[in-house]
Amino acid sequence: GSWAALARRLPAGVRPLLDRVAATAPRQRVLPIFALALVNWLTQWIVYHLAIASVEGSTPLAASFVAVLATNIGGLPKLTPGNVGVMQASFVLGLAPFGVPMERAIAAGLVCQAIQVLPILLAGVMVAGWHGLRATARESVDEATLAAEAMSEVR
């Protein structure tokens, strides 16, 4: 019904994706999900813009939008824990065309990352407790040590 009407309006290359979405859920369930995703992106854009403005001063909305795109694309491969360094490099690449100096772009990336990471760490401490987080970190270090020892024995 309504999915078919929407599919007729889309380019042929996008129709298979819409078919998969339509097979997964009715439109009444998918639209709120898309709406929440849009709100999430808009909120991220506002946070990035305010972080950049706090470091650089007045910047165009396009600069913060490009920074959002650059960090979302740059963060896809998950190269480092928490994307530390990757996010700052993405900020530099995204803000360079707008004349933002590299050191200010890195600072904006650090501000933005702190805004995103610190509340999550606080929530983790509240849920797991400080002892639970320390025990989890200790277990992960022990597992990494065992894996390294096993790899050295293989050689």
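Hydrogens, waters and symmetry mates are skipped; everything else that's a heavy atom, side chains included, is used.
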Heavy-atom pair of closest approach, residues I106 and Q88: O-CG, 3.8 Å

Quick one, V66 and P97 - any side-chain contact, counting heavy atoms below 4.5 Å? no

Where do I52 and F91 land on the side chain to side chain contact (heavy atoms under 4.5 Å, CB included) test, with the steps shown first? CA-CA 9 Å; I52 294 165; F91 261 80; 3.8 Å; yes

Identify the heavy atoms of P16 and A12 that sit nearest to each other, and give their distance. CD-O, 3.4 Å

Qualifying residue for side-chain contact (heavy atoms from CB on, under 4.5 Å) with Q113, from T71, V84, L118: V84

Would you name the heavy atoms of V111 and S54 that are closest together and state the gap between them? CG1-OG, 4.2 Å

Value rounded to 0.5 Å, distance of SG in C112 from NE2 in H49: 12.0 Å

Common cluster, M87/V47, ILVMFWY with side-chain heavy-atom separation under 4.5 Å: no

Point-to-point distance, once rounded to the nearest 0.5 Å, from CG of L61 to OH of Y48: 15.5 Å

Can you name the nearest heavy-atom pair linking P119 to A114, along with the distance? CD-O, 3.7 Å

Please identify which of these residues, V39, L38, N40, meets the side-chain contact (heavy atoms from CB on, under 4.5 Å) condition with L42. L38

Donor-acceptor under 3.5 Å (W41 side chain, V68 main chain): no

So CG of L93 and CG of L69: to nearest 0.5 Å the spacing works out to 13.0 Å

Provide the closest heavy-atom pair for Q44 versus N72 in the form atom of the first, atom of the second, distance. OE1-ND2, 3.4 Å

Just verifying a value: how many Å separate L95 CG and T59 OG1, rounded to the nearest 0.5 Å? 7.5 Å

